[in-house]
Amino acid sequence: MGLSLIGLSGWFNKKILDPLNQILSRGTEPKQLAFSAALGITMGIFPICGVTVLLCGMAIALLGSLCHAPTVMLANFIATPIELSLVVPFLRFGEVLSGGPHFPLTSDALKKVLTGQASHEVLSSIAHALLGWLVAAPFILAILYIVFFPFFNVLVRKFSSVTSSPEKSPNPFSEVRLKVRNV
């Protein structure tokens, strides 16, 4: 038991805390980090497993400098267990929204799925889960941003190695002066 906790702790440090520390130490804006983390988790809970990395990559490509790519991908990675736990709630929410039939989650239904007898029902349930996610995603993104912003504001100030000095000009060439000789 003790060795497994040590291994889990090492994995957690290597896969989550170390990348987060690197992200925070680079001095990225808290607003951008909060948006990126919220986006990564929102995309990371997409109800079709195995697609979230592609979705995050497309979001990063579309949003460009509005999001911080490493933060989006780290949040997507962290959201994986949450994704698996939200497939059924998204399915049920989509069924309620569309008024569609209730897809039974029983061993008999699983047997029909595996033998190919329930292909229409499976496609319908996937569509319902996607509908549930599409309706919930903007709210999830907004709530996560509101929750994450104060945390990133504090964390960036605490861990950032980039210091901003009020005496320094943002343009390093503004201090250059030409010396002209009169001949």
Side-chain angles (χ1 to χ4, degrees), residues 8-94 96-97 126-176:
L8 183 62
S9 174
W11 177 89
F12 187 78
N13 286 336
K14 182 179 176 186
K15 297 292 184 180
I16 300 199
L17 291 182
D18 291 346
L20 181 62
N21 190 20
Q22 288 178 0
I23 289 167
L24 293 171
S25 68
R26 294 199 176 141
T28 308
E29 288 293 318
K31 285 182 181 181
Q32 186 183 31
L33 289 175
F35 173 71
S36 300
L39 181 67
I41 289 177
T42 303
M43 293 293 194
I45 60 172
F46 187 75
I48 299 176
C49 298
V51 181
T52 61
V53 172
L54 178 65
L55 285 176
C56 287
M58 290 187 330
I60 291 166
L62 287 172
L63 294 172
S65 64
L66 295 175
C67 67
H68 186 251
T71 305
V72 172
M73 297 311 279
L74 179 62
N76 176 39
F77 176 70
I78 292 169
T80 301
I82 303 167
E83 171 193 19
L84 300 174
S85 66
L86 289 177
V87 171
V88 174
F90 285 138
L91 168 65
R92 297 298 180 226
F93 184 49
V96 168
L97 289 172
I126 291 171
H128 288 141
L130 290 175
L131 175 65
W133 179 83
L134 280 171
V135 171
F139 298 104
I140 293 168
L141 180 68
I143 290 167
L144 288 175
Y145 176 78
I146 291 168
V147 169
F148 287 157
F149 179 68
F151 289 112
F152 279 112
N153 207 7
V154 170
L155 289 173
V156 165
R157 275 190 273 134
K158 183 174 181 178
F159 291 101
S160 179
S161 62
V162 179
T163 58
S164 60
S165 171
E167 298 114 26
K168 279 197 166 187
S169 170
N171 184 359
F173 298 107
S174 64
E175 299 295 322
V176 175

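Keep in mind that the numbers below use all heavy atoms, side chains included, and drop hydrogens, waters and symmetry copies.
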Could you walk me through whether V53 and M73 pass the side-chain contact (heavy atoms from CB on, under 4.5 Å) test, one step at a time? CA-CA 7 Å; V53 172; M73 297 311 279; 3.7 Å; yes

Considering all heavy atoms of both residues, which atom of [X] and which atom of [Y] are nearest to each other, and what is their separation?
{"X": "A37", "Y": "A75", "result": "O-CB, 3.4 Å"}
{"X": "E83", "Y": "C49", "result": "OE2-CA, 3.3 Å"}
{"X": "P47", "Y": "A129", "result": "CG-O, 3.5 Å"}
{"X": "P89", "Y": "S85", "result": "CD-O, 3.5 Å"}
{"X": "A38", "Y": "L141", "result": "C-CD1, 3.5 Å"}
{"X": "T52", "Y": "G44", "result": "CG2-O, 3.5 Å"}

From [X] [atom1] over to [Y] [atom2], what is the distance, rounded to the nearest 0.5 angstrom?
{"X": "L86", "Y": "F46", "atom1": "CG", "atom2": "CZ", "value": "13.5 Å"}
{"X": "T71", "Y": "I41", "atom1": "OG1", "atom2": "CD1", "value": "11.0 Å"}
{"X": "I48", "Y": "L55", "atom1": "CD1", "atom2": "CG", "value": "8.5 Å"}
{"X": "L33", "Y": "C67", "atom1": "CG", "atom2": "SG", "value": "11.0 Å"}
{"X": "I140", "Y": "T42", "atom1": "CD1", "atom2": "OG1", "value": "6.0 Å"}
{"X": "I126", "Y": "L131", "atom1": "CD1", "atom2": "CG", "value": "14.0 Å"}

In a check of side chain to side chain contact (heavy atoms under 4.5 Å, CB included) between H128 and each of L91, L97, V96, which one passes? L91

My understanding is that only one of L74, N76, T80 makes a side chain to side chain contact (heavy atoms under 4.5 Å, CB included) with I78; could you say which? L74

Using side-chain contact (heavy atoms from CB on, under 4.5 Å), reason through L63 and L39 one step at a time and then give a plain yes or no. CA-CA 11 Å; L63 294 172; L39 181 67; 3.5 Å; yes

I'd like to know whether F149 forms a side-chain contact (heavy atoms from CB on, under 4.5 Å) with N153, so could you lay out the CA-CA distance, the side-chain angles of the two residues, the decisive distance to 0.1 Å, and finally the verdict. CA-CA 6 Å; F149 179 68; N153 207 7; 4.3 Å; yes

Would you sort out whether H68 and F35 count as a side-chain contact (heavy atoms from CB on, under 4.5 Å), showing the intermediate values? CA-CA 8 Å; H68 186 251; F35 173 71; over 6 Å; no

So the side-chain hydrogen bond (donor to acceptor under 3.5 Å, both in side chains) pairs with at least one residue in residues 133-143 (sequence neighbours excluded) are none

